[in-house]
Amino acid sequence: MKTDVTALVLGLVGLLVAGLGLWDAFGTVHWPWVWVGAPVALVIFGLLGLFASRTPP
Amino acid sequence: MNDVPALRRDPHAAQIAGVCVALAREWRIDPLLVRLGFVAAALITNGVAIGAYLVGWALIPRTGGAGEPIRHLLPFTRGWSRGTLVLAVVTATLGGLVVTGAGPGALAIMGIVWLVLRLGRGRQSAPAPAPSHPATPRTEFERLALAWQSRLDNVDAGRPAGWEPPLSAATALAPDGTRAPAGTRRRRGWRTWCGVVVALGGAWSALGVLVARGTDVPGLAWVASTLAVLSLALIVVASPGRAVHGRPGGLVPATVVAAAATVTMLLIPAPSALVAPEMHRAVGPVAVPSETELPSGDQTINLRDAVVVQTETVTYRQDMGRLTVLLPASGNVRVEASVDVGSLVAPDASAHGVEQTLTWERIDDPSAPVLTVRAALDVGRVEVQP
């Protein structure tokens, strides 16, 4: 059984963007945080994808 | 020819010419990622990525084909070495892009070509060949035979022997290595979409309740909540137990469209803020508040008629948009502009990028008072006009 890594990473990125959108809709986005947090989140999602796509030896 | 490339374009898996699938198989990743990457690259590079795609099509042979397509189209290239051929095709493509100024127009043309090919293929394509091995192994021997046959098929198709098909609806594998029955995949897809509809209804109902209670719910909230539901659905179908049935058709494109709409609405201010640029006028001695928070959109700080009678500092802050600063016609003025992401433009200086600052001053009389205008913008452009 394998995780569908593409769907997982796309879903996480989409969730991140959706969170930003809802934040902007109901509050004031603190963009300096976003400029730092978004790349960090992308790195984490990428690492998560790499980890999930590992094939057992 | 000894140096036959390992890359092969599989016309059965192709959306346009199979370049993305060939690269995805070479890199052993999902073709969807390569396709999304190509579209993003085409937009970012003003169409140059389309040229790269054309190069790929010209130089990557089809599965079962004898050689590079360009050698069939231009017979005089058959005697060329592969290195010469690659150099010639890349040079010609780049030259063509420069001459035609490829960009969004080229992307639109490519989209039309894709539509034509897609519609045409529906009439012309032959049915997929029947599998040469049993779909559901009943014994350990059959399972091993199936795996061996799969390796042979990969070698025959020019793919790495251990290549595994992506987990899409068309090629989903069950946990025991077998293909999930098509009927099961369809049922799972519909069930997922039903769940998405239910979740969307719930999210929109919650927003509707907020509206009914008098809360201002902007359009962005509706789009972002839709994206959140679709993204959650993608995460759910990514789990190993669900992945064997493949992704429900249309879920990824719907998510990408919702994400693009959300990002667009996030980065572009609402139309109401763009209708009429607001003018913040100060006449006579500068007596505006020392710090002013401006709404997003196009804003103009008009200090043309201001008279500098004392040394003071006024600060304007804005989240997003374009801020134009019209300075007093006379007197000592200093502008300290900063932007988190965007550009700063002054008469003799400019800065673009992230975390930029720019200082501009006009000191007519060093002994006279100085008005310091600070303009701090999160995202957008600050323009100083003396």
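Just so it is clear, the structure is predicted and the values come from calculations on it, not from any experiment. Letters go in sequence order (proteins before strands), and every chain restarts at 1.
- Contact count against chain A (heavy-atom pairs under 4.5 Å) is highest for B/Leu234 among B/Leu33, B/Val379, B/Leu234.
- If you tally non-hydrogen atom pairs under 4.5 Å between each of B/Ala224, B/Ser239, B/Ser231 and chain A, the highest count goes to B/Ser231.
- Legend: residues meeting side-chain contact (heavy atoms from CB on, under 4.5 Å) with B/Glu336, ordered by chain and number and at least two apart, are B/Arg334, B/Thr359, B/Thr372, B/Arg374.
- Atom CG of A/Leu20 sits about 10.5 Å away from atom CG of B/Leu227, to the nearest 0.5 Å.
- In the displayed structure, B/Arg35 atom CZ is contacted under 6.0 Å by more than 12 heavy atoms of other residues, nucleotides or ligands.
- For B/Leu230, no part lies under 4.5 angstrom from a heavy atom of chain A.
- Of the two parts of B/Leu251, neither the backbone nor the side chain holds a non-hydrogen atom closer than 4.5 Å to a non-hydrogen atom of chain A.
- Chain B is approached within less than 4.5 Å, heavy atom to heavy atom, by A/Asp24, A/Ala25, A/Phe26, A/Thr28 from residues 23-30 of chain A, ordered by number.
- Interface summary for chain A: among B/Asp216, B/Val223, B/Leu220, the most heavy-atom pairs under 4.5 angstrom belong to B/Leu220.
- The contact list for residues 31-52 of chain A toward chain B, using heavy atoms and a distance under 4.5 Å, reads A/Trp31, A/Pro32, A/Trp35 by residue number.
- Contact annotation for residues 7-19 of chain A against chain B (heavy-atom separation below 4.5 Å, listed by residue number): A/Ala7, A/Leu8, A/Leu10, A/Gly11, A/Leu12, A/Gly14, A/Leu15, A/Val17, A/Ala18.
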